[in-house]
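First the structure, in the form of structure tokens, and then the observations on it.
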Amino acid sequence: MACSNCGTATISFAVPDDYQTDAPSEASVVTFCPHCLTLEPASERAAAASSDPEFARISDAFPTQPERAIPLALAIGLCSSLATNRTAIELLLREVERVGTDPLLVLDRLIADQSIEPAIDLERRRHQLEQLLY
């Protein structure tokens, strides 16, 4: 599937039940753009076509293990409306930390990655997320 924002081929993945309320439109399957970091609901077929999401396509800095990558991708996707999604973002980032990845370090590296052009001001959001977590 192509990203509706930039046209890049997206990464599709199934959203675990624990995170379903944090997905766009509470979708059970979403797509994540490795270029602009946009998260969108997808069809069930998209997940079937990609049972092993290629999170490595995003960046060397992005975790590849689903237990780390999925909550981080969902949190980034929710950052377009930090005020509305504050609690969900905080819980997702704490889960990323709990399973052994520093989400703020990943964001720093994504900001520095020249191949990524986030649809949101990721640098500004990173600062706001730091205030949320600490």
Problem set entry | Side chains of L122 and L110 in contact at under 4.5 Å (non-hydrogen atoms) | yes

For this session: Scan for salt bridge (charged side-chain N to carboxylate O under 4.0 Å, His left out) pairs involving residues 3-28, sequence neighbours excluded, and state none if there are none.
Result: none

For this session: Apply side-chain contact (heavy atoms from CB on, under 4.5 Å) to P24 and list each qualifying residue two or more places apart in sequence or on a separate chain.
Result: V30, L39, P41

Seminar exercise, completed: Quick note, salt bridge (charged side-chain N to carboxylate O under 4.0 Å, His left out) partners involving residues 87-99, not counting sequence neighbours, are E90-R94, R94-E97, E95-R98

Problem set entry | For S115, side chain to side chain donor-acceptor pair (under 3.5 Å) partners two or more places apart | D113

Problem set entry | Set of residues satisfying side-chain contact (heavy atoms from CB on, under 4.5 Å) with respect to N5, sequence neighbours excluded | C3, C36, T38, A119

Exercise. Is a side-chain donor or acceptor of R57 paired with a backbone partner of C33 at a separation under 3.5 angstrom?
Worked result: no

Seminar exercise, completed: By salt bridge (charged side-chain N to carboxylate O under 4.0 Å, His left out), E40 pairs with (sequence neighbours left out) none

Problem set entry | F32 vs L74 side-chain heavy atoms within contact, under 4.5 Å | no

For this session: Could you walk me through whether H127 and Q131 pass side chain to side chain contact (heavy atoms under 4.5 Å, CB included), step by step?
Result: CA-CA 7 Å; H127 177 71; Q131 293 175 332; 3.4 Å; yes

For this session: Look at the side chain of E67 and the backbone N and O of V99, then say whether any donor-acceptor pair between them is shorter than 3.5 Å.
Result: no

For this session: Please test I76 against F62 for side chain to side chain contact (heavy atoms under 4.5 Å, CB included), starting from the C-alpha separation and ending with a verdict.
Result: CA-CA 12 Å; I76 291 171; F62 204 85; 4.0 Å; yes

Exercise. Is the number of heavy atoms from other residues, nucleotides or ligands within 6.0 Å of CD (E123) greater than 12?
Worked result: no

Problem set entry | Results of side chain to side chain donor-acceptor pair (under 3.5 Å) for T64 - residues two or more places apart only | none

Exercise. Does a side-chain heavy-atom distance below 4.5 Å link S28 with V15?
Worked result: no

Exercise. If two hydrophobic side chains count as joined below 4.5 Å and joins carry through other members, does L91 share a cluster with L72?
Worked result: no

Problem set entry | Euclidean distance, D121 CG relative to S80 OG, rounded to 0.5 Å | 12.5 Å

Exercise. Q65: what forms a side chain to side chain donor-acceptor pair (under 3.5 Å) with it, not counting sequence neighbours?
Worked result: none

Problem set entry | Separation between CD1 of I116 and CD1 of I111, rounded to the nearest 0.5 Å | 10.0 Å

Exercise. Can you check side chain to side chain contact (heavy atoms under 4.5 Å, CB included) on T31 and I11, steps first, answer last?
Worked result: CA-CA 5 Å; T31 61; I11 299 162; over 6 Å; no

Problem set entry | Qualifying residues under side-chain contact (heavy atoms from CB on, under 4.5 Å), relative to N85, sequence neighbours excluded | L78, S81, I89

Problem set entry | With T101 via side-chain contact (heavy atoms from CB on, under 4.5 Å) - residues at least two apart | P63, R68, V96, V106

Seminar exercise, completed: In short, T8 meets C6 closest at the heavy-atom pair OG1-SG, 3.2 Å

For this session: Identify, with sequence neighbours excluded, every residue that meets side chain to side chain donor-acceptor pair (under 3.5 Å) alongside R125.
Result: Q128

Problem set entry | Contacts of F55 that satisfy ring pair (Phe, Tyr, Trp, His ring centres under 6.0 Å) - sequence neighbours left out | F13

